[in-house]
Each structure stands twice: as C-alpha cells, then as structure tokens.
Amino acid sequence: MNKISILDIYKQNNHLNKLITINGWIRNNRFSKIGISFLTVSDGSSTSTIQVIAKKILCNYFTEIVKLTIGCSVLISGHLKLSKGNLQIYEIYALHIKVLGWINNPDIYPMSAKQHSIEYIRSYCHLRPRTNLIGVISRIRNTVFQSLNQFLNNFGYLWVSTPIITSIDTEGSGSMFRVSMLDDNNVNSKINYIRKNNEFFKKKVFLTVSGQLTLESYACALSKVYSFGPTFRAENSNTKKHLTEFWMLEVEKSFSDINDISVFAEQLLKNSVADVLNNCMSELLFLQKKIDNTIIHRLNKFLEINFIHVEYTEIIDILLKNKNIFDEDILWGKDLSSKQEKYLVNNHFKSSVIIQNYPKKLKAFYMRVNDDNNTVAAFDVIIPQVGEIIGGSEREDRIDYLDYRMQEIGLNNKNYDWYKDLRRYGTVPHAGFGLGLERLVLFITGINNIREVIPFPRTVGHADF
Ligand code: 4AD
Ligand code: MG
C-alpha cells in the first residue's frame, strides 16, 4: 500500500497513474443522480485538497459514500490520474473508501461549510485547526519557529532551556503568576496552614516572565546561547498584541554590544521572513486572497529596507515637532504609545526602526547604564503592523553599578546574589534580546489579532482547555 500525503501528490511527480492510498477529512461531497460522487479531501499537509471520484460500483457507495459530510475522516485507495476538468490537476479514482469517523449530527457541526467569522472559530479553538485559515497560520508559525532555530544554530548559538518555574522577577514589573499549592476553597483550613508554612519550594515561586537572567549564566561561559519557550505576563493588557502566555526567543551573546546584537536581530528577523517567502508561497497566496492583499509585496519590502537606528532622545524631538498629531503629552522619560510607534514607522521613517538608549527609569535593572547616567544601552525594534517586536540591551557587567540599580529600584538583593557572581568572577561585556514569536507571526500573516496566531490563546479572562 503506497500511503502518501496530499502534499506528496503535488510535490513528487512519481505517483501519476499509480495506485495510492491517502488519509484525510472530507471537505465537500457532490454526488450526482447517475451514481457518481466527487469528494474533496484534505489532510492538512498543505493548502491543497484532492478530488476523489467515487462510483456506485464501490460496495459501500449507497450505504456510506453518499452520506459523507464535511469533517468525516476517510481512508481512500485508488489510481491517481490527471484531471479532465480544469479546476484541479489531479484526481483519484477510488477503488476502496473506508469511513473512519462520522460526524455526529452534521446539522450542528460547528465547523460546517458555512463561512464563519474569525471570532466564531476562535470560540472553538479545539476544532479551528480544521479551517484553512488556521491550517495556513499553523504552517507559517512552524516555518518561522524552525527558521529561527536553524539560523541561530548556523551562527553557532547553543540552545539552552531556562526554567519556567522561578523565584526571580527578571523584568522587575511585578506582573508574575504565583505558583502555589494553597487551596483557595479552604482559606483557613489546616492543610493551607501547613502548606503555607512549608511552601513546596520553601519560597514563593512564579511562572517566568523571561529566562534572560539564567540564560546570561550560560552566555558567560559558552558565549553564544539562546532559549525558546513559553513566558507569562500577568498584565491586564487586553489588546490585539498582548497574550498572557506567549513564546519568546531569547538570545544572549558574550563579548558583544548594542550595535553588534541589534544588527544580528535584524538579520534574524529578515531571515525568517525570507524563509516564509521561500517555503510557504501557497500559504501566502491564500492569505493574500483572504486577509491582506499586499502581503507578498509587504514582506519583500521588509527585506529590502534597512532598519534605521535612532536614539530615544532624537525620537522625542521628532515627536515634539509633530505634537499636534498626538493627544498624549510628549515628554522625555515617557514610553512611546502605539500611535506614536505607528507614526514613526509608517509616516516619518517609512521603515522599521531600532530605537536605542532609553531613559533608565523606563527599563529593567539589568540594562547597562550609559556614561550620561540617565540612559541605558537598551534597544527596541519597532516594525510595521505590530510595533515592538524585539526588546534587548547590553547587560550591566559592573557589579557596583548593578548593586546601585537594584537598590534604586528596590529589588531584594539577596535573591540576585548568584546573578552578581557572574560579575564577580570573570565578568564580560554581553548583550541580548527577546523576540516575541506571536508578534512575528502576526506581522508575517497580516492577521489582525494575536489570538489567532497561537493555538490556545491565554488572555485576561480566557484560559480554556
Ligand atoms: O521587551 P520584553 O519584555 O523583553 C524581555 O523580556 C527581555 N528579558 C528579553 C531579553 O532581553 N532577553 O519582551 C520581549 C518581546 C517583546 O518585544 C514582544 O515581542 C514580546 O516579547 N512580548 C509579548 N508578546 C505577546 N504578548 C505579550 N504580553 C508580550 N510581552 C512581550
Ligand atoms: Mg519591551
């Protein structure tokens, strides 16, 4: 039995006129009175479907085949032929069709053939991968993930896994989820009393907001490292660009500085976009038709234009010169709003921007303080459509400065003694950044809401499944 995927049919040219077997799900079933059914079958291996011709000579034609509806799963054997019609290239002339799974009550099947809104299919996250749109996004997300790993691997970066359960608040923003065994339903119970006094880890622990600090310890020994995993932010940011659980790629490099690492960040981003253009053309054509009719042009333009490096202070001057456009106050020391970011990228620079050297009070304690003692060697990469996609910096490698910053911010010095060891013992200049995977997939696909580019989105009030 020559069992192949639908992608194999279109990619390999040695199956024509041969007996093949495929598995898949019915997308459509048209049957004529003369006893012939045209089944459209998909198996998720690509955007393509295959037409299967089933005739009444098949033993289960009247008992099963004419009853097949969208979503039924099947195993089909038959001869692959060139199609006589001009809607498709190939057809399978079925010799045998086995129904593996029926749809209970097709009238109420949530993924019926009707055009559904994105919000509607989001309410069925467990069934939505059956739609073309989520299939396309999943394949692009996979290509981006593989591309990022491969690029780093090619440049000699070592993959390191950093812990998800942690006692440190890397970003110092306090927006962490506590991990606890306390029983909420029994606040005053004996068991809670015991657990409280014997915390599982003998201390308070949380879900990580970033693996950076532990990653630094590996960079300070192995030079070039990265981690890639889920991170958690307990922020009440209910926007189209924020998730509570998202995937972050973190890159850390010793003997590096802000210029070196930000140029590398641009190359990494562009390489992943180029890989999608090279490997996912049918997915992009689908999105071009359904979501964003400029997608291919937009991605090619992204590759052509060099990112512009600008100082934060210069950005404030630019915004002040155009202050009538914005409702909010523009002040040195304030974070940029998404409207301001959009203006800079789309109108002022007409390019992605790397903003560097931010006021230290806007950024985390670990960023290296500049000679002016007011700014830190931080950078954010701002791209069209999504705004901030990467945040990074040089790391403070001088122990006295680090101590001073921790005191200034009010961090518990005791928890970070191990981190200070990295500066006590053979400290090195080093730098790194974090890239939000979903923001990158959002940019590439042109999708409007980040909830569509992660399989099971977690946002304020939503943690289904
Ligand atoms: O700028 P952030 O907070 O940087 C860090 O966590 C650093 N420790 C990274 C490092 O230097 N190793 O987050 C990095 C990126 C952002 O630029 C954004 O792309 C993404 O992570 N991100 C989010 N994506 C989705 N939902 C959220 N709530 C996000 N918060 C950050
Ligand atoms: Mg940031």
Side-chain angles (χ1 to χ4, degrees), residues 141 144 148 152 157 160 162 166 168-177 207-219 224-254 256 258 261-262 264-266 268-269 272 312 335-338 341 352-356 358-359 362-368 376-383 385-396 419 430-444 447 449-454 457-460 462:
R141 184 181 161 103
V144 172
L148 294 168
L152 288 160
Y157 282 78
V160 170
T162 50
T166 180
I168 46 176
D169 180 0
T170 302
E171 299 306 302
S173 63
S175 56
M176 299 174 88
F177 287 102
L207 296 178
T208 187
V209 294
S210 157
Q212 181 200 313
L213 303 195
T214 44
L215 189 64
E216 278 183 57
S217 80
Y218 272 68
K224 297 200 275 188
V225 292
Y226 75 98
S227 67
F228 208 153
T231 39
F232 307 84
R233 306 264 163 118
E235 288 159 2
N236 198 358
S237 321
N238 224 342
T239 79
K240 291 177 177 173
K241 297 185 185 133
H242 285 89
L243 288 163
T244 303
E245 176 181 315
F246 64 97
W247 279 64
M248 188 171 15
L249 166 68
E250 299 195 75
V251 173
E252 200 66 35
K253 186 183 180 199
S254 281
S256 178
I258 188 171
I261 203 75
S262 59
F264 184 68
E266 176 177 349
L268 177 80
L269 277 178
S272 67
Y312 168 88
D335 236 338
L336 306 180
S337 67
S338 47
E341 288 176 353
S352 300
V353 189
I354 300 180
I355 304 176
Q356 46 198 49
Y358 279 81
L362 285 182
K363 296 291 182 186
F365 77 95
Y366 54 71
M367 300 193 177
R368 196 175 199 279
V376 284
F379 71 98
D380 278 0
V381 180
I382 317 289
I383 62 169
Q385 230 106 344
V386 306
E388 181 196 329
I389 181 132
I390 284 179
S393 77
E394 286 178 11
R395 314 312 189 189
E396 186 54 82
Y419 186 63
H430 60 291
F433 61 84
L435 156 68
L437 175 66
E438 288 75 21
R439 297 244 175 118
L440 180 53
V441 181
L442 199 62
F443 166 70
I444 292 175
I447 294 279
N449 195 318
I450 199 163
R451 290 164 178 79
E452 268 59 78
V453 299
I454 187 163
R458 270 86 183 90
T459 51
V460 186
H462 295 277

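In this text the structure is predicted, and so the values were computed from the model without any measurement. In each ligand, atom 1 is the first atom listed, and ligand 1 is the first ligand listed. All values below were derived from every heavy atom in this structure, side-chain atoms included, with hydrogens, water molecules and symmetry-related copies excluded. Position 1 is the first residue of the sequence, and the numbers go up from there.
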From the options K363, Q212, E216, R233, select the one whose nearest heavy atom is closest to atom 3 (O) of ligand 1. R233
What protein heavy atom lies closest to [atom]? Include the residue and the distance to one decimal.
atom                    : value
atom 1 (O) of ligand 1  : E388 OE2, 3.1 Å
atom 18 (C) of ligand 1 : R439 NH1, 3.5 Å
atom 5 (C) of ligand 1  : E171 OE2, 3.6 Å

Report, in ascending order of atom number, the atoms of ligand 1 lying under 4.0 Å from any heavy atom of [X].
X    : answer
M248 : 6 (O), 13 (O), 14 (C), 21 (O)
S210 : 6 (O), 8 (N)
G436 : 15 (C), 19 (O), 20 (C), 21 (O)
I389 : 16 (C), 17 (O), 18 (C), 19 (O)
G434 : 9 (C), 10 (C), 11 (O), 12 (N), 14 (C), 15 (C)

Residue portion contacting ligand 1 (non-hydrogen atoms closer than 4.0 Å) for [X]:
X    : answer
Y366 : side chain
F246 : side chain
I390 : backbone
K241 : backbone
H242 : both

Do any N/O atoms on [X] end up under 3.5 angstrom from N/O atoms on ligand 1?
X    : result
I450 : no
L243 : yes
E250 : yes
S393 : no

Mind checking whether Y218 and Y226 have ring centres under 6.0 Å apart? no
What are the two closest heavy atoms between [X] and [Y], and how far apart are they?
X    : Y    : answer
V376 : P359 : CG2-O, 4.4 Å
E245 : I454 : O-CD1, 3.7 Å
I450 : K241 : CD1-O, 3.5 Å

What verdict does the side chain to side chain contact (heavy atoms under 4.5 Å, CB included) test give for R439 and H242, after you've listed the backbone C-alpha separation in whole Å, the side-chain angles of each residue and the deciding distance to 0.1 Å? CA-CA 9 Å; R439 297 244 175 118; H242 285 89; 3.6 Å; yes
Run the side chain to side chain contact (heavy atoms under 4.5 Å, CB included) test on L442 and I389 for me, step by step, so that the C-alpha distance in whole Å, both residues' side-chain angles and the decisive distance to 0.1 Å come before the verdict. CA-CA 10 Å; L442 199 62; I389 181 132; over 6 Å; no
Mark yes or no for whether T208, through its side chain, and T166, through its backbone, hold a donor-acceptor pair below 3.5 Å. no
Sort out for me which residue in E396, E394, E171 forms a side-chain hydrogen bond (donor to acceptor under 3.5 Å, both in side chains) with Y366. E171
Does a salt bridge link D335 with K363, judged by any charged N lying under 4.0 Å from a carboxylate O? no
Before giving the answer on salt bridge (charged side-chain N to carboxylate O under 4.0 Å, His left out), spell out for E252 and R395 the whole-Å C-alpha distance, their side-chain angles and the decisive distance to 0.1 Å. CA-CA 10 Å; E252 200 66 35; R395 314 312 189 189; 2.9 Å; yes
Would you call R395 a ligand 1 contact, heavy-atom distance under 4.0 Å? yes
Apply side chain to side chain contact (heavy atoms under 4.5 Å, CB included) to residues L152 and L249 and explain how you reach the verdict. CA-CA 11 Å; L152 288 160; L249 166 68; 3.6 Å; yes
As a quick check of understanding, evaluate side chain to side chain contact (heavy atoms under 4.5 Å, CB included) for F379 and F433, giving each step before the final call. CA-CA 9 Å; F379 71 98; F433 61 84; 3.7 Å; yes
Could you tell me whether any N, O or S atom belonging to E388 is less than 2.8 Å from the Mg ion (ligand 2)? yes
